[in-house]
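Read the structure below first, then the notes.
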Amino acid sequence: MINSLSEQLAFLCFSLFAGILTGVMYDIYKLISRGSTSKKIISYIADILFWSLEGIVIFIFLICTNHAFISAYVYFCICIGLIIYLKYLSKYFITVECAITRWVSKFIRVSLNIIIYPFKLIIYNVRLKK
């Protein structure tokens, strides 16, 4: 199948973006798995599940963007996109990701304290009267 130059350029850009998407998902997985102290076998199973999910996501992405036209340069561009992400963008993404995680956890803690406070106050007053 012969593709025009503009189609090939689009395939190249989509493949680079697929590599960047792989890197983003890998950083999210690292952040999630960093907090868990699990056994080796669970870690292996989690890794296998992650990479299986990653393969499915990339395959669906390639189906939607270039009708799953797979060739050697598509794999090469995915690897180049992943390398670019890991080398230049990962540290910024992790910083933003950690800041968002801290903000969300603080928001949840404050919200729960606001919701629970009236109940604590009622329980405290009931104990005082006894």
Original post:
Is there a chain of hydrophobic side chains (I, L, V, M, F, W, Y, each step under 4.5 Å between heavy atoms) that links Ile78 to Ile83?
Top reply: no

Original post:
Which distance, rounded to the nearest 0.5 Å, do you find between the CD1 of Ile116 and the CZ of Phe119?
Top reply: 9.0 Å

Original post:
Do you reckon Ile56 sits in the same ILVMFWY cluster as Ile63, going by side-chain contacts under 4.5 Å, direct or chained?
Top reply: no

**OP:** Identify the two heavy atoms, one from Ile20 and one from Gly81, that lie closest to each other, and give their separation to 0.1 Å.
**Re:** CG1-O, 3.6 Å

Original post:
In the single-linkage hydrophobic clustering (I, L, V, M, F, W, Y; side-chain heavy atoms under 4.5 Å), do Ile41 and Leu49 co-cluster?
Top reply: yes

Subject >> Value rounded to 0.5 Å, distance of CZ in Phe11 from OG in Ser6 >> reply: 9.5 Å

Original post:
Going only through I, L, V, M, F, W and Y residues with side-chain contacts under 4.5 Å, is there a path from Phe76 to Phe59?
Top reply: no

Original post:
Among Leu21, Thr22, Asp27, which residue meets the side chain to side chain contact (heavy atoms under 4.5 Å, CB included) test with Tyr85?
Top reply: Asp27

Subject >> CD-CG distance between Glu54 and Asp47, expressed to the nearest 0.5 angstrom >> reply: 12.5 Å

**OP:** Measure the spacing between CG of Leu16 and SG of Cys79 and express it to the nearest 0.5 Å.
**Re:** 11.0 Å

Original post:
How are the rings of Phe14 and Phe61 set to each other: parallel, tilted or perpendicular (split at 30° and 60°)?
Top reply: perpendicular

**OP:** Locate the shortest heavy-atom distance separating Leu12 from Cys77; write the atom from each residue and the value.
**Re:** CD1-SG, 3.1 Å

Original post:
Quick one: CD1 on Ile94 to CG on Leu31, what's the gap to the nearest 0.5 Å?
Top reply: 8.0 Å

**OP:** Report, as yes or no, whether the 6.0 Å neighbourhood of atom OH on Tyr26 holds more than 12 heavy atoms from other residues, nucleotides or ligands.
**Re:** no

Original post:
Any side-chain heavy atom of Phe93 within less than 4.5 Å of one from Leu89?
Top reply: no

Subject >> Between CD1 on residue Ile100 and CZ on residue Phe107, distance to nearest 0.5 Å >> reply: 14.5 Å

Subject >> Tyr44 reachable from Trp51 in the ILVMFWY side-chain graph, under 4.5 Å edges >> reply: no

**OP:** Decide if atom OH of Tyr73 counts as having more than 12 heavy atoms of other residues, nucleotides or ligands within a radius under 6.0 Å.
**Re:** yes

